[in-house]
**Q** 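Encoded as structure tokens, here's the structure I'll be asking about.
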Amino acid sequence: MDKARQSYIYAGLAIFFWSTIPTAFKISLGELEILLVLTIASLSSVFILFIILFACNKLDLVVKSTRRELLNSAILGFVNPFLYYLILLRAYQLLPAQIAQPLNMIWPIILVFLSVPILKQRIKRKSFVALFISFAGVYIISSQGRPFQHGHANLTGVILATGSSVFWAFYFILNVRDKRNEAVKLFLNFIFGSGYLVVAMILTGRWQMEAGFKGAAASVYIGLFEMGITFFFWLKALQLASTTDKVSNLVYLAPFLSLIFIHFILHEPVYYTTLAGLLLIIAGIFLQNRKPSGI
């Protein structure tokens, strides 16, 4: 099998698993509190990333981490998984899965605007147009099938879902500036993130909460396939691809595929505004990422 075909297989696996995550979020949150869901998921991610590093003979890179690198991981781990997923899961608790999931997708647009104070980059005119298009999509999705009437989606949930994209964009910038092996970074980030979550569980007195089997299983699934092994599939896909652009654009299939799982497993009726708004958000992202002709 040639590398291009292998690349698409790995990308297909990653997209499939990512598309199931909104459903897993709702199943786990139906039985467990947010903090417990995230703690189980984060610890599961640490376990599977350890297996991946062991299989790839990369554990020595973890042991050789410098104090500065560990400090970076401590900061990154606080942003993701700790802050980012606490905010995102609260949004999923307040909103239908089909609403929360696409609202979180505007992070590539937010990334451009965060790059101004952090990376000292200039904002191009098309970025403002892309932001307007994407936020038009946010408004349409939030209408839950009634774009000309107000007050349908939970406003707090909408703010949290879109706000989580700010934390993800911030994490992305910090992560890109850290030049360590990606798997090693992710493993250490989740080690620290799990530590913060365990401390939060103890301080809030929720360590003794009982976990229903379905909720616990869904939480483990999130750790394995949202935070863990799917990252490995996606990284392999990009490594094997002849050009990363072709593979990278496939990730936008995930939110559409996720609507199938949401509809048939969670039994949510899919609003036409969800599809329309999602298309607008993706159009804004493509406009932002579009390179000038001749480049």
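Hydrogens, waters and symmetry mates are skipped; everything else that's a heavy atom, side chains included, is used.
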**Q** Can you check whether P22's main-chain N or O pairs, donor with acceptor, with Q98's side chain at less than 3.5 Å?
**A** no

**Q** Give the cluster check for L103 versus L257: same hydrophobic cluster or not, with ILVMFWY residues linked at side-chain heavy-atom distances below 4.5 Å.
**A** yes

**Q** Would I34 and R90 count as a side chain to side chain contact (heavy atoms under 4.5 Å, CB included) if you check the C-alpha gap in whole Å, the side-chain angles of each, and the deciding distance to 0.1 Å?
**A** CA-CA 7 Å; I34 292 172; R90 179 57 178 160; 3.8 Å; yes

**Q** Side chain to side chain contact (heavy atoms under 4.5 Å, CB included) between N80 and N175: does it pass, once the steps are laid out?
**A** CA-CA 10 Å; N80 174 48; N175 193 56; over 6 Å; no

**Q** Given the rule in the side chain to side chain contact (heavy atoms under 4.5 Å, CB included) test, do Y85 and L197 qualify, once you have shown the distances and angles that lead to the verdict?
**A** CA-CA 11 Å; Y85 278 107; L197 288 163; over 6 Å; no

**Q** Show the numbers, then the answer: is there a side chain to side chain contact (heavy atoms under 4.5 Å, CB included) between I260 and I265?
**A** CA-CA 8 Å; I260 298 173; I265 297 176; over 6 Å; no

**Q** Is a side-chain N or O of S134 found less than 3.5 angstrom from the main chain of L131, in a donor-acceptor match?
**A** no

**Q** Hey, what's the ring geometry for F232 with Y10, parallel, tilted or perpendicular (30° and 60° as the breaks)?
**A** perpendicular

**Q** Provide the closest heavy-atom pair for S7 versus A241 in the form atom of the first, atom of the second, distance.
**A** OG-CB, 3.4 Å

**Q** Please check if atom CZ in F47 has more than 12 non-hydrogen atoms from other residues, nucleotides or ligands closer than 6.0 Å.
**A** no

**Q** First locate atom CG of L49, then atom CD1 of I229, and finally report the distance between them rounded to the nearest 0.5 Å.
**A** 9.5 Å

**Q** What heavy-atom pair brings A169 and L111 nearest, and what distance separates the two atoms?
**A** O-CD1, 3.6 Å

**Q** Please confirm whether the ring centroid of F190 lies under 6.0 Å from the ring centroid of F50.
**A** no

**Q** When clusters are formed by joining ILVMFWY residues with side-chain heavy atoms under 4.5 Å apart, either directly or through shared neighbours, do F132 and V166 land in the same one?
**A** no

**Q** For the aromatic rings, using the six-membered ring if either is Trp, is the centroid distance between Y171 and W168 under 6.0 Å?
**A** yes

**Q** With no hydrogens and no angle check, is any side-chain donor or acceptor of T230 less than 3.5 Å from a backbone partner on F225?
**A** yes

**Q** So if you build clusters from Ile, Leu, Val, Met, Phe, Trp, Tyr with side-chain heavy-atom gaps below 4.5 Å, do F167 and I159 land together?
**A** no

**Q** Is L155 linked to I140 within one hydrophobic cluster, defined over Ile, Leu, Val, Met, Phe, Trp and Tyr using a side-chain heavy-atom separation of less than 4.5 Å?
**A** no

**Q** Compare every heavy atom of A24 with every heavy atom of A218, then report the nearest pair and how far apart it is.
**A** CB-O, 3.8 Å

**Q** Within a 6.0 Å radius of atom OH on Y221, are there more than 12 heavy atoms belonging to other residues, nucleotides or ligands?
**A** yes

**Q** Nearest 0.5 Å, please: how far is CG in L88 from CG in L160?
**A** 9.5 Å

**Q** Looking at I40, is its backbone amide N or carbonyl O close enough to the side chain of S44 to form a donor-acceptor pair, meaning the two atoms are under 3.5 Å apart?
**A** yes

**Q** Would you say the side-chain atoms of K58 pair up with the backbone N or O of A183, donor to acceptor, closer than 3.5 Å?
**A** no

**Q** Report yes or no: do Y92 and N104 form a side-chain donor-acceptor pair below 3.5 Å?
**A** no

**Q** Can any side-chain N or O of S73 pair as donor or acceptor with the backbone N or O of L70 at less than 3.5 Å?
**A** no

**Q** Kindly give the heavy-atom pair with the smallest separation between W18 and E226, and that separation in Å.
**A** CD1-OE1, 3.4 Å

**Q** Return yes if some donor-acceptor pair links the side-chain N/O of S42 with the main-chain N/O of L38 below 3.5 Å, else return no.
**A** no

**Q** Verify, without hydrogens or angle tests, whether E268 (side chain) and A97 (backbone) share a donor-acceptor contact under 3.5 angstrom.
**A** yes

